[in-house]
Amino acid sequence: QVQLAESGGGLVQAGGSLRLACAASGVTSLFGVMGWYRQAPGKQRELVASVISYGRPNYADSVKGRFTISRVNAKNTVYLQMNSLKPEDTSVHYCNARSPGMNVWGKGTLVTVSS
């Protein structure tokens, strides 16, 4: 069974940094796309950043210049370095991994940014 395990969420003050990690297990092939989504209370889930296996990353406008996504293909692992965090970044962050015929979600990790 394919699973994604997220780590790295927590509480941080505005202007601080956090690094999220997501590791896939139960799969031997490389995911085509890995990325991060987030969902704040009362809002829809939205894309934060994504990256294809050997391509350039894609970012939401709200995080450009502050967040950096990276992946280690050999480990099917994806990271999200979040700098200059703002209170409006507070949300549950979900890891996502996709390939043809496969779309997997992690359980989510909470990021809370205090003002």
Side-chain angles (χ1 to χ4, degrees):
Q1 183 179 0
V2 180
Q3 291 184 324
L4 301 177
E6 301 127 328
S7 60
L11 173 65
V12 65
Q13 288 187 332
S17 299
L18 284 174
R19 185 178 189 238
L20 305 183
C22 171
S25 61
V27 59
T28 57
S29 59
L30 187 65
F31 284 112
V33 182
M34 297 189 78
W36 292 93
Y37 289 72
R38 67 185 182 186
Q39 187 167 18
K43 294 188 177 181
Q44 289 188 332
R45 190 172 298 189
E46 63 177 4
L47 173 69
V48 177
S50 64
V51 58
I52 61 175
S53 54
Y54 293 101
R56 300 183 69 173
N58 175 53
Y59 296 98
D61 288 343
S62 59
V63 307
K64 283 181 181 177
R66 299 189 298 124
F67 292 10
T68 302
I69 189 171
S70 60
R71 64 185 286 180
V72 179
N73 290 329
K75 296 182 178 181
N76 256 338
T77 300
V78 65
Y79 303 93
L80 186 68
Q81 177 66 42
M82 305 184 293
N83 299 328
S84 302
L85 282 160
K86 305 175 181 180
E88 50 264 42
D89 294 317
T90 295
S91 56
V92 177
H93 285 65
Y94 296 91
C95 180
N96 175 256
R98 303 194 307 273
S99 285
M102 188 182 301
N103 185 12
V104 186
W105 290 92
K107 294 181 179 180
T109 183
L110 178 62
V111 171
T112 303
V113 184
S114 63
S115 57

(request) Could you name each residue pair satisfying side chain to side chain donor-acceptor pair (under 3.5 Å) that touches residues 67-77, not counting sequence neighbours? (result) Arg71-Asn73
(request) Sequence neighbours left out, what pairs pass disulfide (SG to SG under 2.5 Å) with at least one residue falling in residues 41-79? (result) none
(message) Connecting only ILVMFWY residues whose side-chain heavy atoms lie within less than 4.5 Å of each other, what is the rest of Leu30's hydrophobic cluster?
(response) Tyr54
(request) Could you list who else is in Ile52's hydrophobic cluster, with ILVMFWY side chains joined at under 4.5 Å, directly or through other members? (result) Val33
(request) Using the side-chain contact (heavy atoms from CB on, under 4.5 Å) rule, take Met82 and Leu80 through it: C-alpha gap first, then chi angles, then the decisive distance, then the call. (result) CA-CA 6 Å; Met82 305 184 293; Leu80 186 68; 3.8 Å; yes
Can I get a per-line list of side-chain donor-acceptor pairs under 3.5 Å for residues 95-105, giving both atom names and the distance, sequence neighbours left out?
unit_1, atom_1, unit_2, atom_2, d
Asn96, OD1, Arg98, NH1, 3.0
Asn96, ND2, Asn103, OD1, 2.8
Asn96, ND2, Val104, O, 3.1
Ser99, OG, Gly32, N, 3.0

(message) Run the side chain to side chain donor-acceptor pair (under 3.5 Å) test against Lys43 and tell me which residues pass, sequence neighbours left out.
(response) none
(request) Please list, chain by chain and in numerical order, all residues satisfying side chain to side chain contact (heavy atoms under 4.5 Å, CB included) with Leu47, sequence neighbours excluded. (result) Tyr37, Ser50, Asn58
(request) State, to 0.1 Å, how close Val92 and Gly108 come at their nearest heavy-atom pair, and which atoms those are. (result) CG1-CA, 3.8 Å
Pairs of donor and acceptor atoms involving the side chains of residues 7-24, under 3.5 Å and at least two apart or interchain, shall be tabulated with distances.
unit_1, atom_1, unit_2, atom_2, d
Ser17, OG, Asn83, OD1, 2.9

(request) Please list all pairs passing the ring-ring contact (aromatic ring centres under 6.0 Å, His included) test where one or both residues lie in residues 2-26, with sequence neighbours left out. (result) none
(message) I need the minimum non-hydrogen distance between Pro57 and Ile69, along with the two atoms involved.
(response) CB-CG2, 3.4 Å
(message) Checking Asp61 against Lys64 for the salt bridge (Lys or Arg N to Asp or Glu O under 4.0 Å) test, could you report, in this order, the C-alpha distance in whole Å, the side-chain angles of both residues, the deciding distance, and whether it holds?
(response) CA-CA 5 Å; Asp61 288 343; Lys64 283 181 181 177; 3.1 Å; yes
(request) Not counting sequence neighbours, which residues clear side chain to side chain contact (heavy atoms under 4.5 Å, CB included) with Val63? List them please. (result) Arg38, Val48, Tyr59, Ala60, Arg66, Phe67
(message) Using modelled atom types and a 3.5 Å cut-off, is there a donor and acceptor pairing between side-chain atoms of Gln39 and backbone atoms of Ser91?
(response) no
(request) Any ring-ring contact (aromatic ring centres under 6.0 Å, His included) involving residues 71-94? Give me the pairs, sequence neighbours left out, ordered by first then second residue. (result) none
